[in-house]
Each structure stands twice: as structure tokens, then as C-alpha cells.
2 protein chains.
Amino acid sequence: MSASQFSTKQRILGAAEALFAQHGFAGASLRQVTSAANVNLAAVNYHFGSKDNLIEAVFRRRLDALNARRHAALAKVEANPAATLEDALDAFIRPALELALDRHGGAAFMRMLARAYAEHDERLRRFLSDNYGHVLREFAVVFHRMLAHLAKEELYWRLDIVAGALTYTMADFGLIKRRAGTSETAHREYTIEHLVRFAAAGLRAA
Amino acid sequence: MSASQFSTKQRILGAAEALFAQHGFAGASLRQVTSAANVNLAAVNYHFGSKDNLIEAVFRRRLDALNARRHAALAKVEANPAATLEDALDAFIRPALELALDRHGGAAFMRMLARAYAEHDERLRRFLSDNYGHVLREFAVVFHRMLAHLAKEELYWRLDIVAGALTYTMADFGLIKRRAGTSETAHREYTIEHLVRFAAAGLRAA
DNA sequence: CCCCGTATCAAACGAACGTTTGAAGGATAG
DNA sequence: CTATCCTTCAAACGTTCGTTTGATACGGGG
């Protein structure tokens with residue numbers, strides 16, 4: 001009798017995502033993970049090799065898609081000569097918020113991402129920068145063009161604040177229940193709009 | 001021969017602060033802490049009772065002063081009828097940034113605080129809310145008065161973004177080297193001014 | 001002087017950790 | 001049926017964890 005329709009690998013990834021989000025990478029043990037996933041303890045090392053590799057696999061499963069969608073959205077912005085700062089921010093925010101609001105563990109993943117943001121673990125930072133940093137750098141170039149009046153140094157630390165604030169906020173959004181009577185899409189559009197406006201105001205501030 | 005001019009208790013608190021900031025609460029072991037503090041392993045449980053109590057003591061040592069200074073600064077704002085939103089934000093930001101920029105472990109503490117912000121650990125959240133939540137609620141009241149046009153719900157989640165963004169940013173600021181030739185106070189004032197403007201723009205955004 | 005409370009120490013406790021092992025299934029191909 | 005490969009399993013590996021213990025040193029007050 002299998003405990004779920006998903007494969008052992010997928011069940012491990014799902015359970016790990018939820019537990020890493022809740023207790024952190026060091027705080028969640030492989031025994032907790034395999035117990036929640038209803039698989040044998042040895043399955044983690046069999047399928048992933050080590051706990052560190054499992055952590056990377058959890059990131060990879062979501063970030064490949066998230067990064068691709070952010071990249072595609074940004075490409076559309078760059079193709080449009082009339083695109084505004086708000087459009088670029090939308091390209092950054094929308095894919096992440098859709099992920100945070102989906103029902104298949106996306107919220108847990110965003111909380112895990114926010115945790116990784118707060119951690120200054122060298123190995124994890126290098127992994128994320130090496131594999132997913134190029135899209136962030138593409139965004140930086142576009143923001144630099146749209147905010148040409150800002151000194152490079154000033155722009156970079158504003159982007160740092162904005163990226164941190166957005167990641168932190170979106171991580172918590174999966175937990176907040178939306179107001180009764182509003183549809184899922186209305187809630188999402190409302191949130192995106194406000195996040196974009198909030199971020200744009202901060203980036204443009206004189 | 002003592003390894004430092006400070007007492008065993010103080011050396012433990014200092015080492016714990018630095019290691020918790022770097023590796024997290026679960027990730028930093030008492031053996032790392034006591035080794036860095038040059039004290040015996042048993043000293044932690046002798047002076048603090050448990051690792052959890054040590055964590056709380058590390059918070060208490062800094063937060064008592066930080067909260068008091070924020071409270072005092074806010075009281076001055078409330079006493080001034082002409083005070084602006086920027087003044088209130090200054091009252092929130094300045095004490096924390098001064099802590100983050102001081103040379104006696106303040107930077108490590110702010111990184112630790114940002115970590116606690118990202119963690120959703122129930123015990124830690126309750127401890128912080130019970131002991132230090134009242135000042136944050138005072139700020140919320142003032143912001144509510146200064147931004148009366150915003151719906152309560154809207155205000156609260158904007159404050160949530162701002163508090164998170166500021167905490168994250170200030171946590172990283174202790175790590176950033178200031179531009180050559182600028183004085184410590186000039187650097188601080190520059191940073192505070194920009195953080196205040198950034199936060200005010202986000203809070204006021206139409 | 002002895003006593004007593006405080007502090008430090010090396011050593012050990014049981015529990016939990018990540019990882020490895022070797023045997024047992026279970027499906028598929030020859 | 002046998003052989004092979006992939007997967008799962010219980011059990012154990014050595015290590016490290018937070019915590020506890022009992023001995024030892026120290027330092028005034030009676």
C-alpha cells in the first residue's frame with residue numbers, strides 16, 4: 001500500500017519543503033522528513049545522496065520554473081518600448097506570488113526561500129547565485145535603465161531592500177487568508193497591484 | 001588566567017550572539033559557543049539553565065535597551081503636534097540602525113533578529129511578542145493616526161512589509177563597508193535618511 | 001581555622017543526528 | 001525459471017547534540 005499517488009522522490013521533496021520552511025535546514029531532520037513522507041529513512045540518501053543534495057533538489061524543483069517565468073515576463077517587458085517600472089516589477093513579482101498562492105506547497109517553498117535569504121550560509125548562497133543569479137542580474141540591468149537618474153550604488157541597495165521586502169512579504173502571503181467573498185484571482189491581482197505600487201514608490205523616491 | 005576582561009556570562013552571551021547570527025539557533029551548538037567564549041561547556045547550563053533560556057537571554061540583553069530607546073523616541077514624536085510620518089519612522093529606524101552599526105556585536109544581533117523574524121518558531125514568536133510587542137503596537141497606533149486615509153487592514157500589511165524590509169536591510173548593513181572618506185556619523189545619517197524616505201514612500205503610496 | 005556558597009572543570013549520560021550496510025522485494029528481459 | 005536491476009527495508013554505524021554529575025578550586029564570614 002503506497003501512502004500517496006506520488007513517487008517516493010516527490011513525496012520526499014514535498015515533505016522536506018514543508019519541514020525546511022517550518023524548522024529550517026538544520027532544524028528539520030531526515031527522520032522527520034522521511035516519516036512525514038511515509039518513506040524509509042535510507043530513501044533520502046538513496047535518491048539524493050545526502051541532506052545537502054536534498055536541500056538543493058528542493059530548490060531546483062521550484063526555482064527552475066520560477067526563474068523561467070520571470071525571465072519570460074522580463075523579455076516581454078524589454079520588447080515593449082513603452083514599458084514602465086511597474087511593468088518590470090510586475091514581471092518580478094507576479095510569477096513568485098502565483099507560486100506562493102498555489103495550493104501545492106508553493107507557500108512553504110516561498111517561506112523556505114525567505115529563510116535562505118536570511119541565512120548567510122556560504123554554500124547555499126553560492127548554489128543560488130550560480131544557478132539562478134543570472135535572471136536577477138537581468139532585472140538589475142532593466143531597473144538600471146529605468147532609473148537612470150540613480151547612482152549605481154544607490155540603485156543596488158534599493159534593489160536589495162525591495163527584493164528582501166518582497167520575498168519576505170510573499171513568503172507570509174501564503175499564510176494569510178483572503179477576505180471572504182473575494183475570488184482567488186481578484187485576491188492575487190489586488191496583492192500584486194499593491195506590491196508593485198509599494199515597490200515602485202520605494203525605488204523612485206527622490 | 002581569564003581569557004577576557006568580561007565575565008563568563010557576558011562572554012557566553014557575546015559568542016552565542018555571533019554564532020546564532022551566523023548559523024541559526026539550531027545550527028549553532030553549545031560546544032561551538034562555549035569554545036568561542038573560552039568557557040567550560042557546562043557553564044551554559046549553570047548560568048542560563050538551558051539552550052532555550054540562553055537564546056532568550058541574548059535577545060533580552062539588547063532588546064530591553066532597543067525597545068526603551070524606540071519608546072522614548074516615539075514619545076518625543078507624539079509630544080510634537082507638527083511631527084510627520086518621517087519623524088515617526090526615524091524613531092523606529094534610528095535606534096535599530098545605531099545598534100546595527102555599533103562595534104560591540106550589534107551587527108550580529110541585528111542579523112539574529114532578522115533570522116528570528118524569518119523563523120516561524122512559535123515559542124520564539126510568543127516570547128518576543130509578550131516581552132517586546134507593546135512598543136510595536138504603540139508605533140502602529142501612531143502610524144494609524146498619521147495615515148488615517150488608509151484602511152486598517154491595508155495599513156497593517158504595509159507596516160508588515162516595512163518592518164520586514166527594514167529589519168532585513170539593517171541586518172545586512174552591519175556587514176557593508178561604508179565609502180572611504182565618509183565619517184561614521186555621516187554614513188549613519190545618510191543611511192537613516194534614505195531608509196526613512198524609502199519607507200515613507202511605500203507607506204504613503206496612493 | 002573551618003565552613004559554605006559560588007564557580008569551574010573533566011567526564012559521562014542518553015538521545016538524536018546523517019549516513020552506510022546487507023538483505024529482501026518486485027518488476028522486467030532473456 | 002533465472003538473472004538482473006532498481007527500490008525498499010530494518011538495523012546498525014560513528015558522531016554530535018543538550019544536559020547532568022561529582023569532584024575540585026576559590027574566597028570571604030563565623
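Letters A, B, ... mirror the listed sequences (proteins, then strands); counts begin at 1.
When the side chain to side chain contact (heavy atoms under 4.5 Å, CB included) test is applied to A:Arg123, the partners found at least two apart in sequence or on another chain are A:Asp52, A:Asn53, A:Glu56, A:Asp121. Partners of A:Glu189 by salt bridge (Lys or Arg N to Asp or Glu O under 4.0 Å), not counting sequence neighbours, listed by chain and number: A:Arg94.
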Would you check, one step at a time, whether the test ring-ring contact (aromatic ring centres under 6.0 Å, His included) holds for A:Tyr132 with A:Phe59?
CA-CA 10 Å; A:Tyr132 304 101; A:Phe59 277 107; 8.2 Å; no

Query raised in the report: Under the side-chain contact (heavy atoms from CB on, under 4.5 Å) criterion, do B:Tyr168 and A:Asp160 qualify, and how do the steps go?
Result: CA-CA 9 Å; B:Tyr168 269 109; A:Asp160 214 47; over 6 Å; no

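For the OP1/OP2 pair of C:dT6 and a distance below 4.0 Å, the side-chain nitrogens and oxygens of B:His47 include no atom meeting the criterion. Residue B:Ser29 places at least one side-chain N or O closer than 4.0 Å to OP1 or OP2 of D:dC17.
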Check: protein-nucleotides 23-27 of chain C nitrogen or oxygen pairs below 3.5 Å:
none

Show each protein N/O and nucleotides 19-27 of chain D N/O combination with a separation under 3.5 Å, one pair to a line.
from, atom 1, to, atom 2, distance (Å)
D:dT19, OP2, B:Lys51, N, 2.8

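Put simply, NE2 on A:His23 is 15 Å from P on C:dA16, counting in whole angstrom units. The CG atom of A:Leu19 sits 15 Å away from the C1' atom of C:dC17 (whole-angstrom rounding). As rounded to whole Å, 18 Å separates atom P of C:dA15 from atom CD of A:Gln32. A straight line from CD1 of A:Ile12 to C1' of C:dG18 spans 14 Å, rounded to a whole angstrom.
In this structure, B:His71 places its NE2 atom where only 12 or fewer heavy-atom neighbours from other residues, nucleotides or ligands lie under 6.0 Å away.
For DNA chain D, runs of at least 3 consecutive pairs of the Watson-Crick or G-U wobble type, with both hydrogen-bonding distances under 3.5 angstrom, map to C:4-30 with D:1-27.
Put simply, the side chain of B:Glu154 never gets that close to the backbone of B:Ala151: no donor and acceptor are under 3.5 Å apart. Between the side chain of A:Arg111 and the main chain of A:Gln22, no donor-acceptor pair closer than 3.5 Å is present.
Closest heavy-atom contact between A:Ala199 and A:Val162: CB-CG1, 3.9 Å. Closest approach of B:Ala116 and B:Leu128 over heavy atoms only: CB-CD1, 4.2 Å.
Within the structure, every pair that satisfies the salt bridge (charged side-chain N to carboxylate O under 4.0 Å, His left out) test and touches residues 15-32 of chain B, not counting sequence neighbours, is listed here: B:Glu17-B:Arg61, B:Glu17-B:Arg62.
The residue from A:Val44, A:Thr34, A:Val33 that alone fulfils the side chain to side chain contact (heavy atoms under 4.5 Å, CB included) condition with A:Val39 is A:Thr34.
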